[in-house]
Amino acid sequence: MKQYDTRRCAIRRKRRLTGDVFDFTVDAGDLAGISRAGQFAQIYVPGKTLRRPISICEADPENRALRFVIQVRGEGTAVLAGLEEGDSFDLLAPLGTGFEPGDTSRRALFVGGGIGVPPLLGAAKPFGGNAVLAAGFRSGDAVILKEDFEAAGCEVRIATDDGSFGRRGLVTELLGATEFDVIFACGPRPMLRAVSRLADERGVPCQVSLEERMACGVGACLGCAVRLRGAAGEFYGRVCRDGPVFDSRSVVWENGTERRAASWQT
Amino acid sequence: MKQYDTRRCAIRRKRRLTGDVFDFTVDAGDLAGISRAGQFAQIYVPGKTLRRPISICEADPENRALRFVIQVRGEGTAVLAGLEEGDSFDLLAPLGTGFEPGDTSRRALFVGGGIGVPPLLGAAKPFGGNAVLAAGFRSGDAVILKEDFEAAGCEVRIATDDGSFGRRGLVTELLGATEFDVIFACGPRPMLRAVSRLADERGVPCQVSLEERMACGVGACLGCAVRLRGAAGEFYGRVCRDGPVFDSRSVVWENGTERRAASWQT
Amino acid sequence: MANLKVRVAGVEFRNPVIAASGTFGFGREFSEFYPLSALGGVSCKGITLRERPGNPPPRIAETPGGMLNSVGLQNPGVDHFIEEDLPWLKRQGTAVIANIAGSTPEDYCRVAEKLSDTAVDMVELNISCPNVKQGGMQFGTTCAGVETVTAAVRRHCSKPLMVKLSPNVSDIGEIAAAAESAGADALSLINTLTGMRIDIRTRRPVLRNNTGGLSGPAVFPVAVRMVWQAYRRVKIPIVGMGGVSGWRDAAELMLAGAAAVQIGTVLFSDPYAPVKIADGLNQYLDENKIKNVSELTGKVQAW
Amino acid sequence: MANLKVRVAGVEFRNPVIAASGTFGFGREFSEFYPLSALGGVSCKGITLRERPGNPPPRIAETPGGMLNSVGLQNPGVDHFIEEDLPWLKRQGTAVIANIAGSTPEDYCRVAEKLSDTAVDMVELNISCPNVKQGGMQFGTTCAGVETVTAAVRRHCSKPLMVKLSPNVSDIGEIAAAAESAGADALSLINTLTGMRIDIRTRRPVLRNNTGGLSGPAVFPVAVRMVWQAYRRVKIPIVGMGGVSGWRDAAELMLAGAAAVQIGTVLFSDPYAPVKIADGLNQYLDENKIKNVSELTGKVQAW
Ligand SMILES: Cc1cc2nc3c(=O)[nH]c(=O)nc-3n(C[C@H](O)[C@H](O)[C@H](O)COP(=O)(O)OP(=O)(O)OC[C@H]3O[C@@H](n4cnc5c(N)ncnc54)[C@H](O)[C@@H]3O)c2cc1C
Ligand SMILES: Cc1cc2nc3c(=O)[nH]c(=O)nc-3n(C[C@H](O)[C@H](O)[C@H](O)COP(=O)(O)OP(=O)(O)OC[C@H]3O[C@@H](n4cnc5c(N)ncnc54)[C@H](O)[C@@H]3O)c2cc1C
Ligand SMILES: Cc1cc2nc3c(=O)[nH]c(=O)nc-3n(C[C@H](O)[C@H](O)[C@H](O)COP(=O)(O)O)c2cc1C
Ligand SMILES: Cc1cc2nc3c(=O)[nH]c(=O)nc-3n(C[C@H](O)[C@H](O)[C@H](O)COP(=O)(O)O)c2cc1C
Ligand code: FES
Ligand code: FES
């Protein structure tokens, strides 16, 4: 079968997680069987020129279903969030690299910021009790998916900007002396950079999922450039095809793209 | 109250009249009280730059309702036709001049072509048995509003292009020796021109409702020009404000705009 | 409540939202919706020395995210404007901009001269209308043309003079500089981009004039770019327009360099748009604790 | 079944639907969806003499009915193209157009020279890319510039030479005539209009390059107009593009004068668009009893 394709997928289940975050489960047919956590879908928004990239939160091949958690951030996500059970998503999926869990008996640290948490769920599940999730949110009422990680056996630690839930402060302050063998992270760039430094300090591998504005989503248009470090020097890779998940050491962190505010603060 | 205004109007009733013609009754509040047959509404179509002009088929002030009969002709009318009871129309109404029935004891001839028939209904009703409707359609299955005119007491004569209902041929061939004191007409331009000639021959007044592409709908943009004959010579009037109903003698019929096919044949 | 007042070339506007020429007539029709004092100003339909009939219909075509028009300067002539339209409009409590056009520099000058003795607040020189055969756009697409007309009109116009630029050019900065050096007090941009649609069934251009002017949201990114480029080349104020459909767009154009904005096409889907845009700006300023709307002008921080 | 074949400057295309340069890479990614032989041809991402890194991100912004890009000619260089990409692409059963760019006429010539010895079907000279500082657009916005580059490349290129024109000009007819007289075998138009968006929250241009190229349905009426104007000035065939999103648009551009069409931005919302457009044209021709799609070219009947 094709490596990726477009598909009209009926919304089987919709739940509101917080004021502006919605949880969708859609009938994705055989696309579910070839999708994995960390990969993403380009979702068509009626009336818009560009599809919207949304991570695959979980793939359930048995039920031929995909799960997406979507935060309203602008016009496109508002349209998607307004769709109801029975409506459908027009997906182009699965796209990009996913997380590579590797040996799930390792102690794995998952670091997520805001809407960066959902893509970690599918990757964390196989680690069960070996996984710690350190997640940061704007405030207590923005916390999402805590129960899902706990149900998978993971330990969940939460930080909020305003201290209204968990610890007040940065998600990286949740770690203390915790030891781990591998890190998986998704969230705003400043957070990912901090996590990447931490991984360097501790000498553990770290996989980060990046965001960039996209057009084609399949690697053809070079719209979604990210500065990478390769054997022959620095170059622009494609978030959509070479990523969105990258080895943190291959990413050039200081390149003037540090302009975005932490995404859970916008 | 304002002469016209915008209003969100819930669709109270929707019926399909033929394959591509839909009959809508909407809650129009006080706009119903100031509307009359032959005037029109500019209906907003989500995602489109321009509103769509649609005639007021009937105004029912008592029930604060307006009736519109809409034929699918392109993308905009397709969107409108897809709306359901409970959805709403965003109207700018009532716009333009309406028909001036005048003395309803006169023998009145109503001539309609295809989707030009609905605007005549509200104007014909007060004439009751004094009105004859001569209506032309593509074929038998395109006939609309026959029962409505009959219920109002009007005599209905129908012509179809293919002879599948009523007489085969042009609507003007339906008249025979029928006598009348006044004509009201709406339909494709070649039909209106023929009716206008007939009125001249018989020496009776004739009111015609014209179509033109519109932008503002209120008379400000000069988008909807129609060549008119005035005291000081020919000039471009505005279909939206000076019309859409004009005295047939004020219209300059041969001015190179005779390019459109009869609208019920498209 | 933030201060929405702006000054452009000495003229005060109660707020930076001005109705764009040709989309608002002389204001009467839209005054049915709201008092015109809700607007910063009104730019009137383009006025010529003598009455003009305009182009044959159809004059309107819809396009993705926009529209074409080929109205072609239909107007009753400057004398009629001064006698019949201006007195009413001046009583509405909004700034009045007279948009003028012509086929020769002499025509422009005589119209400007006549308006100099009236209560008009500002003259907007339309050297960029794509819908007239004679004159119009060709003045607007070369520096020499822009200079010639601007300098000539400048000598005959005692009102603040705003020159309206065509987007159908390679280097708007150069054209803007030419207008400034020839004596413009302000610039307005963009007029419409030339476009065309064809009915594939009849194989005829939809517009009887074959081509028409493209306006509406589709052109907005071109407007932002041109306002930004012009702003970096000239010292005189810029009134931005082209596809503004909400207060966010208005703020964006102001950040790019506009001192005020004109809005046109959006009126056709929402006649109340100017009121909503002014309200939206006001709320945005309050929320961001910005005292004067004019603080937005040119504040984009380029990379 | 109508005949969808078209010939442009001696090159045969199985159908008139060609993927637009820069939107389709070198074809590999889209070949996951359908065999590339479903397309008339593929215009490759712009190729330069040496590898180019492209512009820093963000490179993409959405606009009403369109998008901006500032990719900036990121490409692996002509040698890499010839060795790694072209052999694969030539095996896909579709016509291959090499889109080339450069900073100086000499650069263009060397790239064209290298491609002359390959299996490439056609060379498309991109003198209109707005996203590179050196070269690029300035060649494309003056007749002299167009003539210089076209004539120079003509001497070094043994393949059919198509010159791709910029829409950021006042008179596209003049530019088209300049390219023809300098030896172009065909023209393609339009490239992107320069545009800009600003994030009102950060007050930064959305694109790291500040400005970018506007494409998508928003520009379609400009494309139709320019193809029509160019068609009336030149005898060489024209490949039309700019905002085509369905078979009706393709037919409209062909009626305006295009011998074939390229499609770009629509691929991003519907990767299957080229297949649907070719099918739609076929059905339209059958329904209207038109035997050859090429009968549409230039058949608009102007008023
Ligand atoms: C690989 C990837 C995975 C993602 N996964 C999720 C997810 O699981 N859940 C979720 O809620 N969001 C996710 N996002 C972010 C999501 O794509 C944006 O919030 C969304 O595109 C915003 O669209 P909009 O129309 O609401 O906003 P607008 O600001 O109106 O969008 C304008 C344009 O910018 C683009 N854009 C804006 N913000 C972003 C962004 N942060 N990243 C990429 N493009 C952007 C839009 O796609 C659109 O093209 C992901 C982004 C990427 C790149
Ligand atoms: C005063 C008036 C009253 C009308 N009353 C009715 C009515 O009661 N019922 C009905 O079904 N139709 C009526 N029409 C015709 C109706 O407005 C068009 O069929 C409709 O605008 C087509 O829009 P579309 O998006 O489906 O077609 P498209 O062809 O996609 O429209 C493209 C553009 O052209 C305009 N346009 C296309 N055809 C016409 C037309 N015939 N007249 C004016 N503008 C047009 C559209 O408004 C739009 O701006 C009336 C037209 C006018 C002027
Ligand atoms: C129907 C119509 C008529 C216009 N007439 C004029 C005119 O007479 N003079 C002028 O300078 N601009 C005229 N314009 C251009 C507008 O003033 C404005 O520059 C353009 O429409 C872009 O703004 P918008 O996208 O907000 O409409 C006209 C535009 C439209 C749509
Ligand atoms: C992401 C992107 C990259 C592009 N890169 C190139 C290029 O390298 N060379 C070129 O000649 N045109 C390039 N273009 C322009 C397209 O080939 C085409 O001219 C333009 O996008 C208009 O067509 P469309 O509206 O169908 O996309 C690019 C366009 C886009 C959207
Ligand atoms: S979005 Fe096109 S290459 Fe990534
Ligand atoms: S539609 Fe604007 S004047 Fe008639």
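Reminder, nothing fancy here: chain letters follow the sequence lines and each chain counts from 1. No hydrogens, no waters, no symmetry mates; every other heavy atom, side chains included, goes into these values.
Here A/Q3 contributes atom CD and D/E29 contributes atom CD; the two are 10.0 Å apart, rounded to the nearest 0.5 Å. In this structure, D/D270 CG and A/D90 CG are separated by 7.5 Å, a value rounded to the nearest 0.5 Å. Remark: D/Y272 OH to A/L92 CG distance equals 9.0 Å, nearest 0.5 Å.
Between D/R59 and A/G223, the closest heavy-atom pair is CB-O, 3.4 Å. For the pair A/Y236 and D/P56, the tightest heavy-atom approach, listed with the atom from each and the gap, is OH-CA, 3.1 Å.
D/M67 has its side chain out of reach of A/K48: every pair of non-hydrogen atoms, C-beta onward, lies at least 4.5 Å apart. Residues A/T6 and D/P271 meet the side-chain proximity criterion, which asks for heavy atoms closer than 4.5 Å. Contact check for A/R213 versus D/P57: no side-chain heavy atoms found under the 4.5 Å cut-off. Within the 4.5 Å cutoff, side-chain heavy atoms of A/T49 are placed close to those of D/T265. Looking at D/F268 and A/M214, their side chains never come closer than 4.5 Å, going by heavy atoms from C-beta outward.
Of the listed residues (A/C224, A/G217, A/C221), the greatest number of heavy-atom pairs within a distance under 4.5 Å of chain D belongs to A/C221.
Within a 6.0 Å radius of CD in D/E84, other residues, nucleotides and ligands contribute more than 12 heavy atoms.
Checking side-chain atoms of D/E32 against main-chain N and O of A/Y4 turns up no donor-acceptor pair under 3.5 Å.
Both the backbone and the side chain of D/F33 come within less than 4.5 Å of a heavy atom in chain A. Residue D/T63 touches chain A through its backbone alone, counting heavy-atom pairs closer than 4.5 Å. Heavy atoms closer than 4.5 Å to chain D are found nowhere in A/F235, neither backbone nor side chain. At a 4.5 Å heavy-atom cutoff, the contact between D/S269 and chain A is made by backbone and side-chain atoms alike. In this structure, no portion of D/F26 lies under 4.5 Å from any heavy atom of chain A.
The pair A/R52-D/E62 meets the salt-bridge criterion, with a side-chain N (NZ, NE, NH1 or NH2) lying under 4.0 Å from an Asp/Glu carboxylate O.
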